[in-house]
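Working notes, beginning with the structure itself.
Note that this is a predicted model, so its numbers are computed, not measured.
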Amino acid sequence: MSATFVPKSDFLSVLMERGYIHQCSDFEGVDARAKAGELTAYIGFDCTASSLHVGSLVQIMMLRWLQKTGGKPVPLMGGGTTRVGDPSGKDESRRLLSLDDIEANKTSIKQVFAKFLTFGNGPTDAVMPDNAEWLTALNYIDFLRDVGRHFSVNRMLSMDSVKMRLERDQELSFIEFNYMCLQAYDFVELHRRYGCLLQMGGSDQWGNIVTGIDLGRRMGAPQLYALTSPLLTTASGAKMGKTAAGAVWLNADMLPVYDYWQYWRNTEDADVGRFLKLFTDLPMDEIRRLEALAGAEINEAKKILATEATAMLHGRAEAEAASETARKTFEEGALTTSLPTVEIAAGELAAGVGVLNAFVKAGLVPSTGEARRQVKSGGLRVNDALVTDERAQLTNADLMGEGVIKLSFGKKKHILLAPR
RNA sequence: GGGGGAAUGUCCCGAGCGGCAAAGGGGGCGGACUGUAAAUCCGCUGGCUAUGCCUUCGCAGGUUCGAGUCCUGCUUCCCCCA
């Protein structure tokens, strides 16, 4: 990033100040377009799963800021490319999704975008096209003649992603080699349809985006631009968004709101400031104050981070509730009925359930074997009492005043078992 | 087309004279210490109706009391030659 560049547009000012930018093809160009108003930009999203996860949040936030600063965000669904199966993963074993699956995934993912963006027909309203709309209609010969002739194989071979594979003698399939052509074509098509001038994405997308810019020039589009965000890792180097339990999903039906709140609450000290800037709307002054907190006080900043980030996705009320549940659970050790709850058949409980099985049923541990091991290392608690006998039975006698049994795995994971 | 090598615990890497639930890492999980952090230290890291039973070393057969280990065929990947 050029050190001397001072943005005039709100859009770039915010992005630079908050740390969203890794690379940009032309700061002055993007700045001027944003300043002029109604800059349209897109980011491509996979729809291989029914929910996006935290790893996509930086991208979503960039679109959100674009809209808030007067631009038009275009989240593009990769329905067409999903249908082919993105080969850029290591394994080819990824199953191909049926059309119905893809449609269902799109609907589900759109619900998340609706939380961050305003959709509609206005000039700065977001639209969510699917590249299947044009990719599936492509005719191979036409595509080769109209688009393919603009691609220089010499150049494609010199791209980092390709060069690396060739140097290592790793297989590079033809479809994979073509993937960047399809993505480049998306950019041109989105310019045609929506006047889209900017493509954003993670830093790993740089090569593909620039290829799109090049194709645009050759196909008579005006100057297009690229802007990438840094690849996010935590301060200790782990990738964002994965925990032991799996990915940190954005859809509430795949990850309870309470767990989402906890994910942010457990942020490492060193990441708090960076995350506040990237994942909340809080004003910079406030963030600077929070990240300056030292020692144990930084926990206050983490709570605010958790509540703000959760509120944006799940709503203020849900976020406050999660925060309150956490406060009672951790700071008072009290039982709250708002912890995630798992139901169990009343008759089953009356007859007595082994503790190990109870923890498996609650989904806290994957197997009774694991539960057994955790008992040995003192990691399981029933109603806050350490489990010492792995043969113990849970019965109605264990129900607390609220009519539930509290199961805890480690210090942070709690589930309520409720007879039904 | 010819020759050589490889595939191991369903997270990854990786040892493995015919007695193996299989060394060692990384990662992950739990415990201690803390602040629901990091760092550090300790323990654990196939499944089950469990002093036992079942399933694992690319796939399918075979030899053997016994196969990750030996033999045959197959699949996939890599290297060298044409």
- Query: Considering residues, nucleotides and ligands other than Lys328(A), do more than 12 of their heavy atoms fall under 6.0 Å from its NZ?
  - Reply: no

- Item | Watson-Crick/G-U partner (both atom distances under 3.5 Å) of U55(B) | none

- From CD of Gln262(A) across to P of A37(B) the rounded distance in Å is 10 Å

- Task: Take the protein atom CD1 of Ile298(A) and the nucleotide atom P of A37(B), then report the distance between them rounded to whole Å.
- Result: 13 Å

- Message: Could you tell me the Watson-Crick or G-U partner of C70(B), where both distances fall under 3.5 Å? Say none if there is no partner.
- Response: G62(B)

- Integer-rounded Å distance: U34(B) P and Asp269(A) CG: 16 Å

- Taking only the side-chain heavy atoms of Arg372(A) (C-beta and beyond), determine which of A37(B), C29(B), A50(B) contains the nearest atom. A50(B)

- Considering only side-chain heavy atoms of Arg373(A), which listed nucleotide, G31(B), A37(B), C44(B), is closest? C44(B)

- Query: Of all the choices, G35(B), G30(B), U36(B), which nucleotide is nearest to the side chain of Gln374(A) once you look at every atom?
  - Reply: G30(B)

- Message: Just to be sure I understand the rule, does Lys302(A) reach a base, reach only the sugar-phosphate, or reach nothing, if contact means heavy atoms closer than 4.0 Å?
- Response: base

- Message: Please report the distance, rounded to the nearest Å, between CZ in Phe330(A) and P in A37(B).
- Response: 9 Å

- Query: Any chance the side chains of His414(A) and Ser408(A) put a donor and an acceptor closer than 3.5 Å?
  - Reply: yes

- Cation over ring, Lys110(A) on Phe119(A), under 6.0 Å and within 45°? yes

- Item | Selected nucleotide, minimal atom distance to Phe409(A) side chain, candidates U36(B), G30(B), U34(B) | G30(B)

- Watson-Crick or G-U wobble mate for A50(B), both contacts under 3.5 Å: none

- Starting at the 5' end of RNA chain B and moving along, which residue's nearest nucleotide shows up first, Gly369(A) or Glu331(A)? Glu331(A)

- Lys411(A) side chain N/O closer than 4.0 Å to the phosphate oxygens (OP1, OP2) of A32(B)? yes

- Query: Without hydrogens or angle criteria, can the side chains of Thr307(A) and Glu320(A) be said to hold a donor-acceptor pair below 3.5 Å?
  - Reply: no

- Item | Mate of G43(B) where both pairing distances stay under 3.5 Å, Watson-Crick or G-U | C29(B)

- How many Å lie between CG on Asn266(A) and P on C29(B), as a whole number? 11 Å

- Query: Rounded to whole angstroms, how far apart are NZ on Lys413(A) and C1' on G31(B)?
  - Reply: 13 Å

- Query: Between the side chains of Thr368(A) and Asn357(A), is a donor N or O closer than 3.5 angstrom to an acceptor N or O?
  - Reply: no

- Any side-chain donor-acceptor pair under 3.5 Å between Asp281(A) and Trp65(A)? no

- Item | d(CZ, Arg265(A); C1', A37(B)) in whole Å | 8 Å

- Query: Salt bridge or not for Asp271(A) and Arg274(A), using N-O below 4.0 Å?
  - Reply: yes

- Message: With a 4.0 Å limit, can you tell me whether Thr368(A) has a side-chain N or O closer than that to the phosphate oxygens OP1/OP2 of U49(B)?
- Response: yes

- Message: Counting only side-chain nitrogens and oxygens, does Ser377(A) get under 4.0 Å of the OP1 or OP2 atom of C29(B)?
- Response: no

- Inspect the contact between Asp214(A) and Arg218(A) and indicate whether a charged nitrogen and a carboxylate oxygen are less than 4.0 angstrom apart. yes

- Message: So if I take residues 379-391 of chain A and measure heavy-atom distances to RNA chain B, which residues fall below 4.0 Å?
- Response: Gly379(A)

- Message: Using the side-chain heavy atoms of Lys412(A), tell me which of these nucleotides is nearest: U49(B), A38(B), U36(B).
- Response: U36(B)

- Task: Could you check if the base of C20(B) is syn or anti? Syn means the glycosidic torsion is within 90 degrees of 0.
- Result: syn

- Note on the structure: To the nearest angstrom, the CD-C1' distance between Glu370(A) and G47(B) comes to 12 Å

- Note on the structure: Using Watson-Crick geometry (N1-N3 plus N6-O4 or O6-N4) or G-U wobble (N1-O2, O6-N3), each under 3.5 Å, A6(B) is paired with U76(B)

